[in-house]
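A, B, ... follow the sequence lines: proteins, then strands. Residue 1 opens every chain.
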Amino acid sequence: MSTVDAEAMLVRVQRENFSIDEEINRVRNRSTRIGGIATFLGTARDRSEDRDVSRMTFEYYEGMAQKKLREIRDRALQDFDVIEVLVLHRYGEIDIGENIVLIVVGAMHRADAFKACKWCIDELKQITPIWKCEHTPDGQMWVEQHP
Amino acid sequence: MSTVDAEAMLVRVQRENFSIDEEINRVRNRSTRIGGIATFLGTARDRSEDRDVSRMTFEYYEGMAQKKLREIRDRALQDFDVIEVLVLHRYGEIDIGENIVLIVVGAMHRADAFKACKWCIDELKQITPIWKCEHTPDGQMWVEQHP
Amino acid sequence: MTVTVKLFGMLKTQLHHESELTVRLDQGCKVDDLIAAIQSMNPDVGDLLLKRKILVSVNHHIAHGETELTSADEIALLPPFSGGSCTSGERTSYVYR
Amino acid sequence: MTVTVKLFGMLKTQLHHESELTVRLDQGCKVDDLIAAIQSMNPDVGDLLLKRKILVSVNHHIAHGETELTSADEIALLPPFSGGSCTSGERTSYVYR
């Protein structure tokens with residue numbers, strides 16, 4: 001795989017599920033200097049505040065969402081002492097317990113990996129044009145979250 | 001699998017490599033309330049300070065190591081707002097880039113998952129009777145780390 | 001000129017279940033003029049735009065009121081984002097799909 | 001009485017490449033007496049024990065000097081732990097295997 005292709009795999013919005021082992025290996029394979037890999041995996045919960053949720057649907061703005069995820073990766077690589085960053089978000093219908101979002105950060109030192117990983121998921125929620133619709137007993141609702 | 005067996009799988013010292021997908025699934029399957037899973041994977045770096053490292057060997061104190069890892073899991077479950085914790089360490093010969101240690105923490109909220117995960121790996125390094133021998137061009141050396 | 005405005009999430013529900021909106025504007029119009037035009041079509045959505053609860057993007061950049069528009073621009077209305085997983089103690093408000 | 005002391009990591013190298021050490025002690029001896037006995041066998045290791053750079057465990061618990069020993073106890077000398085991955089900016093010291 002060329003460098004450009006390998007980099008493209010590090011930022012994706014996709015419908016399909018993903019293997020965490022495979023995604024971690026993309027990061028691990030970038031450097032033998034990596035000693036710690038911090039990962040955040042967001043999964044679909046069956047409750048949202050006081051409502052039961054049976055399923056969810058994610059919609060995204062094609063082009064702009066990928067642009068924002070690339071920005072997040074670039075800024076994490078620049079602002080933290082880390083070696084590689086992977087950012088991946090699914091769209092479409094997602095069942096309870098399934099994977100939604102994955103951040104993987106490889107660094108020499110674990111404290112940097114944790115800091116960058118946490119920053120990426122916090123930032124993703126702030127700036128990425130992705131929207132969630134929850135399927136509840138009262139019907140389907142678009143969710144608006146206020147931190 | 002009985003509850004006792006399932007719990008035993010959540011704290012292990014083993015020679016064999018592990019699949020991160022499988023280990024994350026052990027945590028995920030414990031509750032549909034889990035919305036965020038923070039993971040730390042320690043991998044074998046090819047440098048230790050200014051030395052090249054070609055391989056490493058881990059030795060552990062059978063019985064006491066497992067006891068300490070169980071303590072770490074129990075305290076994390078008690079002191080943080082998290083749902084499940086998995087702690088896994090390998091022993092024996094480990095090649096560069098390979099998995100050494102894995103912490104997986106599932107929680108309702110991601111900030112709690114990150115905090116507990118970071119605490120677990122910090123604590124593991126402090127209290128678990130496990131020792132690393134690095135294979136370097138100057139020979140094999142036991143490593144003593146000072147934080 | 002005519003501009004096409006992409007709609008996402010709850011906005012599709014609020015604006016007649018369409019995924020795009022076509023708006024006629026004068027040549028040299030700005031984002032503020034687009035907001036005024038939407039305000040007259042749907043005051044609720046207009047208010048959220050004025051409060052910047054809904055953002056306007058132009059060519060994948062978040063735009064301010066003074067940004068000038070051309071018919072070649074890719075324009076979108078962005079309701080509050082809700083990607084990631086539901087992992088913080090957020091207040092949530094709902095709009096039926 | 002005779003106690004058996006398990007050795008790990010660099011201690012196996014420092015104490016004649018054995019994985020266990022057998023030490024004769026008086027009945028009712030304490031951890032401090034064991035440390036004194038090791039001190040006379042190997043002053044370097046004895047010093048590290050006195051500085052608590054090497055810890056003594058009795059039945060999987062870290063013991064203090066006053067802990068009494070019996071021949072049924074599982075005793076071990078624990079050099080500084082180095083599990084986990086090499087991920088912090090640690091100073092490292094080495095002992096050849």
Side-chain angles (χ1 to χ4, degrees), chain A residues 13 40-51 53 56-72 87 89-91 94 98-103 118 120-136 138-147, chain C residues 3-21 31 42 44-64 67 69 72-97:
Chain A
V13 180
F40 177 76
L41 173 68
T43 57
R45 282 176 61 193
D46 64 355
R47 293 282 288 182
S48 172
E49 299 202 342
D50 54 350
R51 287 163 199 267
V53 177
M56 44 193 74
T57 307
F58 285 90
E59 183 179 299
Y60 74 107
Y61 183 177
E62 168 69 30
M64 185 171 176
Q66 287 92 337
K67 176 174 177 284
K68 289 295 169 183
L69 297 185
R70 276 196 301 274
E71 268 179 43
I72 290 168
V87 183
H89 204 295
R90 289 178 68 198
Y91 69 91
I94 291 182
E98 274 190 35
N99 301 332
I100 299 170
V101 57
L102 182 73
I103 311 279
K118 185 165 188 311
C120 285
I121 182 65
D122 289 347
E123 189 70 6
L124 182 150
K125 291 180 75 85
Q126 296 297 319
I127 72 166
T128 315
I130 298 180
W131 298 274
K132 175 166 63 176
C133 178
E134 291 177 348
H135 303 233
T136 79
D138 300 331
Q140 297 179 22
M141 338 239 187
W142 291 104
V143 174
E144 182 187 336
Q145 290 170 333
H146 313 272
Chain C
V3 297
T4 302
V5 180
K6 290 177 187 282
L7 302 175
F8 294 98
M10 60 182 73
L11 283 175
K12 283 193 286 200
T13 312
Q14 288 171 309
L15 292 166
H16 315 294
H17 291 271
E18 299 285 348
S19 69
E20 288 190 345
L21 199 67
V31 164
N42 184 317
D44 289 348
V45 172
D47 285 348
L48 291 169
L49 281 159
L50 288 171
K51 287 190 215 154
R52 291 184 67 83
K53 299 272 288 176
I54 297 175
L55 299 172
V56 179
S57 73
V58 177
N59 302 325
H60 298 170
H61 289 93
I62 304 297
H64 54 79
T67 305
L69 299 175
D73 287 330
E74 183 175 319
I75 304 169
L77 302 189
L78 312 178
F81 307 143
S82 50
S85 59
C86 184
T87 52
S88 318
E90 293 127 333
R91 263 185 317 127
T92 304
S93 59
Y94 299 96
V95 172
Y96 281 86
R97 195 178 192 178

Practice task
Please look at A/I127 and chain C and tell me whether the side chain, the backbone, both or neither of the residue comes under 4.5 angstrom of a heavy atom of that chain.
Solution key: backbone
Exercise for the section: Could you tell me whether the side chain of C/I62 reaches within less than 4.5 Å of the side chain of A/M64, counting heavy atoms only? Expected result: yes
Handout entry: Spatial distance of atom NZ (A/K68) from atom NE2 (C/H60) [nearest 0.5 Å]
Key = 10.5 Å
Practice task
Name the orientation class of the two ring planes belonging to A/W131 and C/F8 (parallel below 30°, tilted from 30 to 60°, perpendicular beyond 60°).
Solution key: parallel
Exercise for the section: Please state whether the side chain, the backbone, both or neither of A/F58 comes within less than 4.5 Å of a heavy atom of chain C. Expected result: side chain
Exercise for the section: For residues C/S85 and A/F40, determine if any side-chain heavy atom of one lies less than 4.5 Å from a side-chain heavy atom of the other. Expected result: yes
Exercise for the section: Give, as side chain, backbone, both or neither, the part of A/E71 having an atom under 4.5 angstrom from any heavy atom of chain C. Expected result: neither
Problem - Side chain, backbone, both or neither of A/Y60 within contact of chain C (heavy atoms, under 4.5 Å) - result: backbone
Exercise for the section: Would you give the length of the straight line joining atom NZ of A/K125 to atom CZ of C/F81, rounded to the nearest 0.5 angstrom? Expected result: 13.0 Å
Problem - Closest approach of C/A76 to A/Y61 (non-hydrogen atoms, all atoms of both residues) - result: CB-CE1, 3.5 Å
